[in-house]
Amino acid sequence: MTTIMLSLACGGDESDPTAQELAFERLSGSWDMSQGGLIIIDGNDATANFIGFGLSFTDGGYNTTNAGELFSATGTWSWADEEAQMISLDDGKLVTIQSLTETELVFNFQFSGTGGEANHADGIAGGYTITVNKP
């Protein structure tokens, strides 16, 4: 009796994308507040203090517009965890992603403040929650 062994290979060594790769697919590109975005400081709506706020992410870099003292105009970022739920910015800020879809990003962070005043709240210390959308 003859025994025949059959070996099948499919697709090579391709592995499934990591959580970070999947998250970056959604995160990359430009985000703004034109479609109902919000900036909340310790539960208080401060959106009116950041008219025109926007940010964009590239692989390892970011840009912001009208971010006040919250973020640099340009900088670098990296994933702070394997699950792609935290981002570390070059200024030492740790950002937690609460929700990330193809069209909406909700994140929060603590800001130590720069002495902003009530009529210029872009430098007020506190816990920030920001909702932005892809136009």
Side-chain angles (χ1 to χ4, degrees):
M1 181 191 292
T2 305
T3 304
I4 299 175
M5 301 217 22
L6 182 59
S7 175
L8 300 174
C10 44
D13 287 331
E14 292 183 31
S15 61
D16 291 332
T18 66
Q20 291 177 349
E21 290 167 336
L22 291 171
F24 181 68
E25 284 180 24
R26 286 178 253 141
L27 183 67
S28 66
S30 296
W31 300 87
D32 65 32
M33 296 189 340
S34 65
Q35 299 174 8
L38 295 168
I39 296 183
I40 306 296
I41 306 171
D42 293 330
N44 299 306
D45 189 344
T47 306
N49 296 317
F50 295 91
I51 301 300
F53 174 77
L55 69 160
S56 62
F57 291 92
T58 60
D59 191 11
Y62 71 90
N63 295 300
T64 66
T65 53
N66 298 328
E69 299 297 320
L70 296 182
F71 300 101
S72 300
T74 62
T76 60
W77 69 275
S78 61
W79 293 112
D81 66 340
E82 292 296 317
E83 295 79 28
Q85 297 192 358
M86 298 183 85
I87 293 174
S88 178
L89 301 181
D90 56 347
D91 66 0
K93 193 178 288 112
L94 192 59
V95 173
T96 301
I97 297 173
Q98 291 183 329
S99 173
L100 175 59
T101 68
E102 297 290 330
T103 58
E104 183 179 77
L105 168 61
V106 181
F107 61 97
N108 61 25
F109 59 92
Q110 285 296 127
F111 182 64
S112 60
T114 59
E117 300 170 13
N119 63 350
H120 191 65
D122 63 357
I124 290 180
Y128 284 70
T129 299
I130 297 179
T131 302
V132 287
N133 303 96
K134 279 194 178 173

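These numbers come from the heavy atoms of this one structure, side chains and all, not from hydrogens, waters or symmetry mates.
With sequence neighbours excluded, the residues that form a salt bridge (Lys or Arg N to Asp or Glu O under 4.0 Å) with D91 are K93. Considering only residues two or more places apart in sequence or on other chains, N66 meets the side chain to side chain contact (heavy atoms under 4.5 Å, CB included) condition with none of them.
In terms of heavy-atom proximity, A84 sits nearest to A23 at CB-CB, 3.6 Å. Contact record, A19 with E82: CB-O, 3.6 Å, taken as the closest heavy-atom pair. Considering all non-hydrogen atoms of both residues, S30 and K134 come closest at O-CG, 3.3 Å.
Formation of a donor-acceptor pair under 3.5 Å by the E25 side chain with backbone atoms of L22 is not found in this model. S72 contributes no side-chain N or O that, together with a main-chain N or O of G75, makes up a donor-acceptor pair within less than 3.5 Å. Judged purely by atom type and a 3.5 angstrom limit, Q20 uses its side chain to pair as donor or acceptor with the backbone of D81. With T47 contributing its side chain and I39 its backbone, the two residues share a donor-acceptor pair below 3.5 Å. Side-chain atoms of W77 come within 3.5 Å of backbone atoms of G61 as a donor-acceptor pair (strictly under, hydrogens ignored). Counting only distance, with no hydrogens or angles, the side chain of T64 and the backbone of A67 share no donor-acceptor pair below 3.5 Å.
Contacts classified as salt bridge (Lys or Arg N to Asp or Glu O under 4.0 Å) and involving residues 49-68 (residues at least two apart or in different chains) are not found. Judged as a salt bridge (Lys or Arg N to Asp or Glu O under 4.0 Å), not a single pair has a partner in residues 26-50 (not counting sequence neighbours). Sequence neighbours left out, the pairs with a member in residues 83-109 that pass ring pair (Phe, Tyr, Trp, His ring centres under 6.0 Å) are F71-F109, F109-Y128.
For the side chain to side chain contact (heavy atoms under 4.5 Å, CB included) test with Y62, the passing option among D90, L27, T74 is D90; the others fail.
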Could you walk me through whether F53 and I51 pass side chain to side chain contact (heavy atoms under 4.5 Å, CB included), step by step?
-> CA-CA 6 Å; F53 174 77; I51 301 300; over 6 Å; no
For E104 and T131, run side chain to side chain contact (heavy atoms under 4.5 Å, CB included): C-alpha distance rounded to whole Å, both residues' side-chain angles, the deciding distance at 0.1 Å, then the answer.
-> CA-CA 7 Å; E104 183 179 77; T131 302; 3.6 Å; yes
Could you please spell out the steps behind the side chain to side chain contact (heavy atoms under 4.5 Å, CB included) verdict for N108 and Q98?
-> CA-CA 7 Å; N108 61 25; Q98 291 183 329; 2.8 Å; yes
Show the numbers, then the answer: is there a side chain to side chain contact (heavy atoms under 4.5 Å, CB included) between V132 and L55?
-> CA-CA 9 Å; V132 287; L55 69 160; 4.1 Å; yes
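Grouping the Ile, Leu, Val, Met, Phe, Trp and Tyr side chains by contacts below 4.5 angstrom, directly or via other members, places V95 with I41. By the criterion of side-chain heavy atoms lying less than 4.5 angstrom apart, applied directly or through intervening Ile, Leu, Val, Met, Phe, Trp or Tyr residues, I97 is grouped together with L89 in one hydrophobic cluster. Hydrophobic clustering of Ile, Leu, Val, Met, Phe, Trp and Tyr side chains at less than 4.5 Å, counting indirect connections, unites L70 with F57. When the side chains of ILVMFWY residues are joined at heavy-atom separations under 4.5 Å, either directly or via intervening members, I40 and F111 end up in two distinct hydrophobic clusters.
Clustering of Ile, Leu, Val, Met, Phe, Trp and Tyr by side-chain heavy atoms under 4.5 Å joins M86 with L94.
Between L38 and I130, the closest side-chain pair of non-hydrogen atoms is not below 4.5 Å.
Between N133 atom CG and S34 atom OG the span is 7.0 Å, to the nearest 0.5 Å.
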